[in-house]
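To keep things clear, I will list the structure first and then write my remarks on it.
We use all heavy atoms of the structure for the numbers below, so side chains are in, but hydrogens, waters and symmetry mates are not.
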Amino acid sequence: MDDRTRTELEAAAFRALVHHLVVKRPEVQNIDLMNLGGFCRNCLSRWYQEAAAERGIELSKEAARTIVYGMPYADWVAQHQTEADAAKEAAFRKAFAENVGKQD
């Protein structure tokens with residue numbers, strides 16, 4: 001497979017993942033994604049922002065999140081985010097530290 005085709009397929013897979021999270025499963029909480037998979041929507045948006053920066057494209061954190069969430073982050077939080085219990089929060093702190101690093 002040539003590099004261009006591989007890149008196009010990877011981009012299509014990314015768009016499918018974002019569509020799945022935005023349209024089909026918006027109720028899936030970031031804390032659950034992080035606890036089970038070691039990443040969440042915020043990670044995807046950060047990776048998108050970092051990829052843009054590597055190519056000299058300035059993209060704000062909020063703009064990258066809007067791409068991944070399909071709406072402004074604050075709107076998604078208001079519409080979809082639920083409270084997490086203490087056990088999920090503890091698991092999140094562990095998963096975040098292992099997969100992302102120190103929490104801000």
So, do T66 and W76 sit near enough that their side-chain heavy atoms are less than 4.5 Å apart? no

ring-ring contact (aromatic ring centres under 6.0 Å, His included) partners of Y48, counting only residues at least two apart: F14

Minimum heavy-atom distance between Q49 and K61, given as atom pair plus value: NE2-N, 3.2 Å

To check you understand the geometry: which heavy-atom pair defines the closest contact between G70 and V22, and what is its length? N-CG2, 3.9 Å

With side chains defined as the heavy atoms from C-beta onward, is the minimum distance between V100 and N42 less than 4.5 Å? no

If you look at every heavy atom in S60 and A63, which pair is closest and at what distance? OG-N, 2.9 Å

Is there a side-chain contact between P72 and E62, using heavy atoms and a 4.5 Å cut-off? yes

Is any side-chain N of the basic residue among E27 and R25 closer than 4.0 Å to the acidic one's carboxylate O? yes

Are side-chain heavy atoms of F39 and L44 found at a separation under 4.5 Å? yes

Verify, without hydrogens or angle tests, whether N30 (side chain) and R41 (backbone) share a donor-acceptor contact under 3.5 angstrom. yes

More than 12 heavy atoms of other groups within 6.0 Å of R6 CZ: yes

Listed pairs under 3.5 Å, donor-acceptor, residues 77-84 side chains, sequence neighbours left out:
{"residue": "T82", "atom": "OG1", "partner": "Q29", "partner atom": "OE1", "Å": "3.4"}

What are the two closest heavy atoms between S45 and A64, and how far apart are they? O-CB, 3.4 Å

Sequence neighbours left out, cut at 3.5 Å: what donor-acceptor pairs do the side chains of residues 85-92 make with other protein atoms?
{"residue": "D85", "atom": "OD1", "partner": "A87", "partner atom": "N", "Å": "3.2"}
{"residue": "D85", "atom": "OD1", "partner": "K88", "partner atom": "N", "Å": "2.7"}
{"residue": "K88", "atom": "NZ", "partner": "D32", "partner atom": "OD1", "Å": "3.1"}

For the residue pair P26 and V23, what are the closest heavy atoms and their distance? CD-O, 3.7 Å

